[in-house]
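Structure record follows, encoded as structure tokens.
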Number of protein chains: 2
Amino acid sequence: MKEKISDKYSALLHATLTMVNNRGFHDAPMSKIAKLAGVSPATIYLYFENKQDLINKLYVEVKASFCSHAFQGYSTELPVKKGFEIIWYNIADYKLNKLEESMFLSQCDNTPMIDGESIQEGLKHLQPLLDLWERGKKEGIIKPISPYLLYAYTVYPLSFLLAMHVKSLCEVGGKYRLEAFQAAWDSIKV
Amino acid sequence: MKEKISDKYSALLHATLTMVNNRGFHDAPMSKIAKLAGVSPATIYLYFENKQDLINKLYVEVKASFCSHAFQGYSTELPVKKGFEIIWYNIADYKLNKLEESMFLSQCDNTPMIDGESIQEGLKHLQPLLDLWERGKKEGIIKPISPYLLYAYTVYPLSFLLAMHVKSLCEVGGKYRLEAFQAAWDSIKV
DNA sequence: ATTTATAAAATGAACGTTCATTCATCAACT
DNA sequence: AGTTGATGAATGAACGTTCATTTTATAAAT
């Protein structure tokens, strides 16, 4: 019965996600995380080395889930624009449907709360997108610019839209999604 | 001698900026902030109500400085594209030259560490840019889409490039700046 | 089947530390 | 003498973590 690791492990990860989202890392005490997970504080230390380890593990897990969603239905056989479209919409869907996870990732990527090592770990899984862009450049479809620029103008803006969506300042539904994709594509197509 | 408020006030703000940038809000104790500012812990409470107030005041001040830089040399008389170009380059310069301030703003905008009230306060000063976009739409130069989208695809990407720059993963010098501007403009021009 | 022995998982209370904040006192200037 | 700005030391609360112990699961022996 090794199935899917103890459910307390997952409960703790999820409790941490919620606490850190709502109160920030600085105000998410182990005692409250434990209570939210329905577990004793001491139990946390059966599954995690310490608070930092808990956060790191959560980050890596969420990032992995994000990347796995991103490439659903994608194949390297697809034409560049079609492939990009699929990945982009996957990411947009993820940000829209997994608000908590997405907010957590934003917070992690803009604070010194995650170890550099874990950041590297989480970044690995994005390679297919980089490869796709490389192909697009070779075919003269995508501007010959740094992948960081490509990411900054296509994927990263979604984080902002997510934040506005959470604050109920901005819709991200049907029409807007199309407009957003169009803007992303216009910024990088040659 | 009211000149520019006690220099301990500024020293404390600056020390807080550094501490929060390097260690995060959760690990920026008042005692260390005080030491870095060359001041007793008790002195902080002569200038600020408490830690939250200290952070809020710092946020509002930095945000104001950011916005003031953004509109240097800009006038509502300018043609839309030229006006946008000036503002965009101002912002890019700010992000490049005021790394600490910019990183701090990123952190604030992605964590629950700032009071909603102070966020509102800091957002006020961006109005001229919104007005410019409105004019651009009327003239048929800029896509008729939500200002949130416009912001997401022109200004917000700079935050990502800044983060990469700080991690020495990405240059933001001359040529790249032009490419970045081009991508920003392409994404919103009609 | 039931009991007994052993290991594993989980816990509440306690520990030492660190934190934000306060307080009694001080030095400098009026 | 009195006011002001500043302080180092003190304080209580809260934190992350550990520990002695209990509870639950596992297996062996009857």
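Atoms considered below: every heavy atom in the structure, side chains included; atoms not considered: hydrogens, waters and symmetry mates. First the proteins, then the strands, lettered A, B, ... as listed; each starts at 1.
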**OP:** Can you check each nucleotide of nucleotides 12-30 of chain C against protein heavy atoms at under 4.0 Å and return B for base, S for sugar-phosphate only, - for none, in 5' to 3' order?
**Re:** B------SSBBB-------

Original post:
When the distance from CG of A:Leu46 to P of D:dT23 is rounded to whole Å, what number comes out?
Top reply: 17 Å

Subject >> Residue pairs, two or more places apart or on separate chains, that pass salt bridge (Lys or Arg N to Asp or Glu O under 4.0 Å) and touch residues 98-117 of chain B >> reply: B:Lys63-B:Asp109

**OP:** Could you tell me whether A:Lys81 and A:Glu85 have a side-chain N and a carboxylate O separated by less than 4.0 Å?
**Re:** no

**OP:** Answer yes when B:Lys57 and B:Glu61 have at least one side-chain N-carboxylate O distance shorter than 4.0 Å, and no when they do not.
**Re:** no

Subject >> Rounded distance in Å - OH (A:Tyr47) to C1' (C:dA10) >> reply: 8 Å

**OP:** Tell me whether B:Tyr156 is reachable from B:Leu162 by hopping between hydrophobic residues (I, L, V, M, F, W, Y) whose side-chain heavy atoms are closer than 4.5 Å.
**Re:** no

Original post:
Do the side chains of B:Leu46 and B:Phe48 join up, straight or via other hydrophobic residues, at under 4.5 Å, putting them in one cluster?
Top reply: yes

**OP:** Rounded to the nearest angstrom, tell me the gap between atom CD1 in A:Ile44 and atom P in C:dA9.
**Re:** 17 Å

Original post:
Can a side chain N or O of B:Lys8 be found less than 4.0 Å away from OP1 or OP2 on D:dA6?
Top reply: yes

Original post:
In this structure, are over 12 heavy atoms from other groups packed under 6.0 Å from B:Phe181 atom CZ?
Top reply: yes

Subject >> Whole-Å gap separating C1' (D:dA6) and OH (B:Tyr9) >> reply: 18 Å

